[in-house]
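Here the structure is laid out as structure tokens; the discussion comes afterwards.
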Amino acid sequence: MENLEKTYDPAKAEDRWYNYWMENNYFAPAEDPEGEMDTFSIVMPPPNITGQLHMGHALDNTLQDILTRWKRMHGYRALWLPGTDHASIATEVKVVDKLKSEGIEKDEVGREGFLEKAWEWKEEYGDQITNQLKKLGSSCDWSRERFTMDEGCSEAVKEVFIKLYEKELIYQGDYIVNWCPSCHTTLSDIEVEHEEKEGKFYHIKYPYKDREGFITVATTRPETMLGDTAIAVHPSDERYKDLIGEKVILPLMDREIEIIADEYVDSEFGTGMVKVTPAHDPNDFEIGRRHDLEVIKVIDEDANMSENAGKYAGLDRYECRKKVIEDLTELGLLIKTEDHVHNVGECYRCDTVIEPLVSKQWFVKMKPLAEPAIEAVKDGTIKFVPERFSKVYMNWMENIRDWCISRQLWWGHRIPVWYCNNCGEVIVAREEPDECPSCQSSNLKQDEDVLDTWFSSALWPFSTLGWPESTDDLRSFYPTDVLVTGRDIIFFWVARMIFMGLEFMDQEPFTDVYIHGLIRDSQGRKMSKSLGNGIDPLEIVEKYGADALRFTLITGNTPGNDMRFREERLEASRNFANKIWNASRFILMNMEDFELDQVEENDLKPTLADRWIESRLNTVANEIDEALENYNFGEMAGSLYDFIWNEFCDWYIELIKARLYQDEDPDAKLTAQYYGLTVLEKILRLLHPVMPFITEEIWQKLPGTDGSIMNSDWPEKTESDTDIVSEEKMQLIMNVIKSIRNIRNEMKVNPGKRIKALLSAGSKKAEILEEGREYIENLARIKNLTIEGENIDKPDKVSTAIVNEVEVILPLKGMIDLDKELKRLEKEIEDVEFEINRAKGKLNNEGFVNKAPEHLVEAEKKKLQEYKQKKEKLIQRLGELKD
RNA sequence: GUGGAUAUAGCUCAGCUGGUCAGAGCGCUACGUUGACAUCGUAGAAGUCAGUGGUUCGAAUCCACUUAUCCACACCA
């Protein structure tokens, strides 16, 4: 048998085992030709091909891997399907930058040339992030890896577009959209982030046309006034009622515009008069539609003023603002300028201030799709964990607006629409048509735009399984079991998968949505590139090992809540791994004369400690199952940590040492070896989903194991293994040991010295103590332990304690400090009195006695009895000492 | 404005459906190299569970309000 190194070195083990799993194709779901197995499936939220692995990915994937490995060990046909997202804008930006660094402009290479470059880029960097995921130990089935722009996914996108178009759920129209002047594309509403900014509130005079005087409007964006086509007031605003229908002259442009009435206006705000610029403000656009106003576009796609802006044409929108204010001031039309805080929409990719523009775009009509999606969550078909996120989802879904899906980019799924240059026919088709079905012209042109990246991500749970083909995978694994992701993409992605899944599969894409929190830095700040406070998971893996990282990420992790990441916690996890390593090392060191397959049931003589650890193990296995069923990853980690460190290492290993280090009783030794080994082996299995590498490394070295631990069976719960009696017995024995250790420590007894001890207890407990005699002697370092009945004569110069009605007596002749001992006893009496009063208080309370459950009242009575007895003994002891 | 989260030991956080729940890790104190482990062991100190009120026989746990911090959504030009 080989001996283990003194410390565990993850670097030596991790890649080796990952390769082993890959080579043996262990990540693929089990074969199941008869279709008898239960399935479990997760689709991985596809990371962007531009992405670098960050802590969010690490957490997300750790959680998914834990669930997958756990279910796989439970005998499920488990599939965790990985893949990547083409990330339209992000990738395009990267490729443009790369070309620029080579001195090439995007337009120079043209669409085809650019796409070629983009694919090259994808080939080169696209699998970087998936390789990083492998370092974490992710057990996803790479043979099924998908990409949102691969052939199958692209087919699915086309299919969905066409079907929705045919159902009139996709339409084209001139609407106001969010335009990013830097990325040069439209954005959906949720791709716009609002940030509070200090701005100015300009009050401007607009002179009447047909009478003396002027009206005053207030605006934060004076440059847009060049495109004003009306002034709006609230219809019931008494101040302005008479002005409705009146004309004013738009300054600087000398255009006549009318004062109109619209409910939208808030009379309380500003002057109660709103300048209406339908071309550059979403609300104004709506007003414009209601009143059939002219739409004058004064700002172009580069955020420069257009020719409609008269003499301001060509200016940047901010320069123009300055100029407009200057000119207004000169004309005496600027009344005042106030400071004003307002929200400004910015592009979520590049932070450029969004310019609302009117243009022709493709939209998805949301209402009909949203309804079933709302229903599915309402009726519990889909469950959010934690529950509160369903509110967030509902709120959004119920107020949803149509989804602008066209993007003025090249990298992405090109919209499958052709226009006839001859007759203007719009042709929606899977393949490029040869001629116009209406006029037979072959002068056709495909729509220049691509689809929003999230359009294809929305299909992910079924497009990756083969849809629109009816594949085996699709039948087996759809709907998936759970989606694990962060709360930031509930709208972008989760919501959209839900309505697309319901629409095209007639079935929800997943039953549970587990939302986890953010990993923050040690000060609680978000990790971000701009702050430079991000921590690279790969560096952590290198330093502490993937297992330690994984364990750290789930300890103390509660559903939906953020957590801070501090390096000290990694040390704790690494130490934990090392602890397991050394416990295993110990077990293996004691296996020299042991042959597992030679062990006969009859040779085994399990002791109290053996029964206890088995029972505890069984309980812990239960706890872990329960925790994982409820996505309580933190509890899982806690259970494992406590059990392995505090019970298995601190107690059980110590308890079996005596049997291992002797040769007189071969059966006793064999039994200790047997239980030590088998319990360890089960522990490794329970730990495997969280710490796959170290468990495999050790498991492979254990005698009697075969294949990979990841394919071993989960230690199933069995009623017979739970042995409450043994647990209670051990509890008593451990308490006695702790109590002796406590006294020794307080009395400064040399830790190594074996001393005498006397235990006085009732016959039932004395019997238990007798059973644990060896344990007490060895673990409390006692020689000649005496166990007697109650009310015995105590020797002089002793120190005592009372625990669970057992009196612990240590004759420490010449060792004890009388004063100290007296103080110790007095303090203990105080504590007991406090408990007595508490118990008495409860029992004197009629409400408690009458209304509380019987067993609680009984327990309280029993406690009181015990405390009273304890107090008596302590006082007696105190008296003896004082004599 | 609407909705939500958080507030528990010096620090970071657990505490699920109200009754040994006042806990863990780190840190701290005192001992310790006992044949797995100093990435360790044994023992210990430490909290009016943010505040106020309520429900209850009983509340860190449920309800209301208050305070503080944070987040999402919606925005008023």
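Throughout, a chain's letter reflects where its sequence line sits, starting with A, and its residues are numbered from 1.
For the segment residues 548-563 of chain A, the set of residues with a heavy atom within less than 4.0 Å of an atom of RNA chain B comprises G556(A), T558(A), N561(A), in numerical order.
At a threshold of 4.0 angstrom between heavy atoms, the contacts of R838(A) with the nucleic acid are absent. Within 4.0 Å (heavy atoms only), K863(A) reaches at least one base atom of the nucleic acid.
For the pair V341(A) and K197(A), the minimum side-chain heavy-atom distance is 4.5 Å or more.
The separation between R487(A) atom CZ and C73(B) atom C1' is 14 Å, rounded to whole Å. Rounding to whole angstrom units, CG of residue L864(A) and C1' of U20(B) are separated by 15 Å. Residue N735(A) contributes atom CG, which lies 15 Å from atom C1' of A43(B) at whole-angstrom precision.
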Intra- and inter-strand pairing of RNA chain B, written as dot-bracket with Watson-Crick and G-U pairs under 3.5 Å and | for the latter, reads (((((((..((((.....[...)))).(((((.......))))).....(((((..]....))))))))))))....
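Taking the C1' atom of each, A30(B) and C71(B) are spaced 45 Å apart, rounded to whole Å. Only the P atoms considered, U6(B) is 24 Å distant from G53(B), to the nearest whole Å. Look at the C1' atom in both A64(B) and C26(B): the space between them is 38 Å, to the nearest Å. Between the C1' atoms of A22(B) and A45(B), the separation comes to 16 Å (whole Å). Atom name C1', nucleotides A24(B) and C49(B): the rounded distance is 15 Å, in whole Å. Distance noted for atom C1' between C63(B) and U55(B): 7 Å (whole Å).
Side-chain N/O atoms of K391(A) include one lying less than 4.0 angstrom from OP1 or OP2 on G4(B). Of the side-chain N and O atoms in H203(A), none sit less than 4.0 angstrom from OP1 or OP2 of A77(B). Between R569(A) and the phosphate of G25(B), there is no side-chain N or O to OP1/OP2 separation shorter than 4.0 Å. Between R221(A) and A77(B) there is no side-chain polar atom (N or O) within less than 4.0 angstrom of OP1 or OP2.
Scored by the salt bridge (Lys or Arg N to Asp or Glu O under 4.0 Å) test, E728(A) finds no partners at all (sequence neighbours excluded). Every salt bridge (Lys or Arg N to Asp or Glu O under 4.0 Å) that E338(A) has, sequence neighbours left out, goes to K336(A). Remark: R520(A) engages D562(A) in a salt bridge (Lys or Arg N to Asp or Glu O under 4.0 Å) (not counting sequence neighbours).
Between F491(A) and W396(A), the angle of the ring planes stays under 30°, which puts this pair in the parallel group of the 30/60° scheme. A tilted orientation is assigned to the rings of W581(A) and Y8(A), their planes being inclined by 30° to 60°.
Geometric assessment of K669(A) against the ring of F594(A) yields a negative cation-pi assignment under the 6.0 Å and 45° thresholds.
Centroid-to-centroid, the aromatic rings of Y544(A) and F551(A) stay 6.0 Å apart or farther. In this structure, F633(A) has its ring center under 6.0 Å from that of Y514(A).
Relative to the side chain of K526(A), the nucleotides A77(B), U12(B), A72(B) differ in distance, and A72(B) lies closest. Among the nucleotides A43(B), C73(B), A77(B), the one closest to any side-chain atom of N742(A) is A43(B). Of all nucleotides listed (G19(B), C70(B), A77(B)), G19(B) comes nearest to the side chain of P853(A).
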As a quick check of understanding, evaluate side-chain contact (heavy atoms from CB on, under 4.5 Å) for L549(A) and F565(A), giving each step before the final call.
CA-CA 10 Å; L549(A) 173 61; F565(A) 192 87; 4.0 Å; yes
Sugar-phosphate or base contact per nucleotide [nucleotides 26-41 of chain B; S, B, -; heavy atom under 4.0 Å]
----SS--BBBBSBSS
